[in-house]
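Below, all heavy atoms of this structure are taken into account, side chains as well, without hydrogens, waters or symmetry copies. Given the structure is predicted, the values throughout are model-derived calculations rather than measurements.
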Amino acid sequence: MNSFWQANKLSIATLVALTLGIGGGMLMRGLGDWSQVSLGLIALPGDIYTRMLKMVVLPLIFPKLILAVTSLEGKLSGKLGALLMAIYFLQNVVNQIFSVMAAFLIQPGTGPVDAQTASNFSVASQNVTTEPSFTVGLVIIDLFKNMFPENIIKSMIFQTKSVIVESEIEETNVGATNNLGMVVVSITLGFALKATSETSSGIITFLHGLASAFTKIIEWMVNFGPVGILSLVLYQTLKIEDIYLTISQMGLYIFTILVVLFIHAWIFMPLMFLLVTRRNPYKYMFNVMEVLPTAIATSSSLAALPITSRCLEEKNMINPRVVRFALPIGITINMLPITMISILFLMQLEGIVPSVSNMGIMCLTLNFVAVGAAGIPQDNLILIFMAVSILGFSTQNIVKVISIEWFVDRFSCISKIMVDSMIVGILDHFTAEDSEDVMEPGRHEEEGKSKEITKIGQP
């Protein structure tokens, strides 16, 4: 019983806070109207919680991204590593496409799509090509200018945005973190540190310490989460006019996530696995089911790594070298649909329709930043706050995501483990020799030395 409480105390506390927030809010609604000052005081702990999460985005994500590059670059030296990165990049793109399609068809932030909405969406899609060409040009200009900031410190505060004034293109600064530029700088610095490892070991050690310190800070913040959720849910329950509409929206949000997870992890990836390896994907997945209790209890694919590795090696007969090389990297770079659906859900609640260019920039940035966010508590929230700074909209409805993340995150964790396992199987099918070269680059040298020793010892 004690072990169950230790493993699930945060989820239980979150569920209790959610229940108290809704129940207390419903009772307090009957006491009359509440002043804005009273509502502000009720929301204060929740606001502090979200502000703390925003605070650690920059000092945590980018040291971890630099460290990811310094650790991966040395491993990804052959066909095996390049193939692994290509597979994960393609599957991340596919799951983002599924997420965008599901979010626009189901419309969790507004309600089910009707015929008129579908017609308007179709017309809007047809009219995309009629936009003035200079708009696309400005987007491209801003994309590359933000990728290569002229001032690193300035990019932590401002983004570059080009506008046309009197037929001239002028550069302006928007008050939002230039995350795309910081990603490029971090990746470049990571490769530079790896190339100068003889003199940069101190900096790498410092970055490890910095990332560990802020990871610990986030763990402390997460413990404050139930109090923040109670505050935010209570505030939202008192503030919203149509509580039944809100419950409907959150139900559709959960449904959208589960649909995309099912299509991606239990239909699309098994189909790809079958086409490539000619093996039964569902028998392969069944052999990994031993990991379910750990995944459900911890909601962490990293915590389930030892069990997943053993199942792949012993039950699915995957080359241990491929498993030990590919699975830890996959846990680091695999991004499942929750983040994208959450962002689109929040945008729909705000009445914002993202442009194609904004969606493209956000998808590109999230693919890189997810490397830095993986393995930390509440990584979905960190990525959401980063996307908000890219697109520039409010997070006042973030409570609707926070309050049920503990629930959907368990389904996401299970799906992620299955996807990672199938990608390892696909990689094992393509090559086994390269894994030996990557994982044991000095093995042949050691064998040669042992042979020489044997020869010396012979009479």
Side-chain angles (χ1 to χ4, degrees), residues 11 18 88 90-115 117-122 125 244-275 281-282 284-286 288-289 291-292 295-296 299 301 334-350 352-354 359 362-363 366-367 370 379-381 383-384 387 397-423:
S11 298
L18 180 62
Y88 268 109
L90 290 175
Q91 78 90 25
N92 279 344
V93 170
V94 168
N95 85 54
Q96 288 181 349
I97 292 173
F98 286 154
S99 301
V100 172
M101 291 176 60
F104 277 105
L105 290 175
I106 300 176
Q107 295 283 313
T110 57
V113 63
D114 54 22
T117 305
S119 175
N120 292 340
F121 179 76
S122 176
S125 300
Y244 299 104
L245 175 61
T246 300
I247 294 174
S248 173
Q249 290 171 339
M250 294 178 68
L252 285 174
Y253 168 65
I254 296 174
F255 175 73
T256 304
I257 289 176
L258 296 181
V259 166
V260 176
L261 288 175
F262 180 77
I263 293 175
H264 180 244
W266 301 86
I267 297 179
F268 175 77
M269 284 304 299
L271 180 61
M272 294 298 101
F273 182 86
L274 174 64
L275 293 176
Y282 296 105
Y284 181 92
M285 296 166 72
F286 179 78
V288 189
M289 288 294 180
V291 80
L292 285 184
I296 293 173
S299 186
S301 55
N334 187 9
M335 184 179 69
L336 280 176
I338 286 187
T339 301
M340 181 61 69
I341 295 175
S342 300
I343 294 167
L344 294 173
F345 174 64
L346 292 173
M347 295 181 74
Q348 290 173 1
L349 291 174
E350 295 287 330
I352 300 173
V353 179
M359 290 297 300
M362 182 171 66
C363 291
L366 288 177
N367 266 316
D379 55 346
N380 183 42
L381 296 181
L383 292 174
I384 289 174
N397 290 303
I398 192 70
V399 61
K400 296 178 182 177
V401 173
I402 297 175
S403 60
I404 56 175
E405 187 188 11
W406 63 273
F407 175 74
V408 297
D409 200 39
R410 277 149 175 78
F411 291 95
S412 177
C413 178
I414 295 169
S415 298
K416 179 171 179 163
I417 290 172
M418 295 303 165
V419 170
D420 288 336
S421 300
M422 282 183 281
I423 289 178

For [Y], does its backbone N or O pair with a side-chain atom of [X] as donor and acceptor, under 3.5 Å?
| X | Y | answer |
| --- | --- | --- |
| Q249 | G109 | yes |
| S412 | V408 | no |
| Q348 | A103 | yes |

(message) Using the ring-ring contact (aromatic ring centres under 6.0 Å, His included) criterion, which residues pair with F407? Sequence neighbours excluded.
(response)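 By the ring-ring contact (aromatic ring centres under 6.0 Å, His included) rule, F407 matches F411.
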
(message) F268: which residues meet the ring-ring contact (aromatic ring centres under 6.0 Å, His included) condition with it, sequence neighbours left out?
(response)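 ring-ring contact (aromatic ring centres under 6.0 Å, His included) list for F268, sorted by chain: F98.
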
How many angstroms lie between atom [atom1] of [X] and atom [atom2] of [Y], to the nearest 0.5 angstrom?
| X | Y | atom1 | atom2 | value |
| --- | --- | --- | --- | --- |
| S415 | I263 | OG | CD1 | 11.5 Å |
| Y253 | I341 | OH | CD1 | 7.5 Å |
| L252 | I257 | CG | CD1 | 11.5 Å |
| T256 | I106 | OG1 | CD1 | 3.5 Å |
| K416 | S421 | NZ | OG | 12.0 Å |

[X] vs [Y] side-chain heavy atoms within contact, under 4.5 Å:
| X | Y | result |
| --- | --- | --- |
| L275 | M272 | yes |
| I254 | M250 | no |
| Y88 | I423 | yes |
| V401 | L346 | yes |
| F255 | P108 | no |
| H264 | V419 | yes |

Could you tell me which residues satisfy side-chain contact (heavy atoms from CB on, under 4.5 Å) with [X], sequence neighbours excluded, listed by chain and number?
| X | answer |
| --- | --- |
| P270 | P281, Y282, M285, M422 |
| V100 | F104, M340, L344, M359 |
| M289 | W266, F286, L292, M418 |

(message) Evaluate V260 against N95 for side-chain contact (heavy atoms from CB on, under 4.5 Å), listing each step before the verdict.
(response) CA-CA 8 Å; V260 176; N95 85 54; 5.7 Å; no

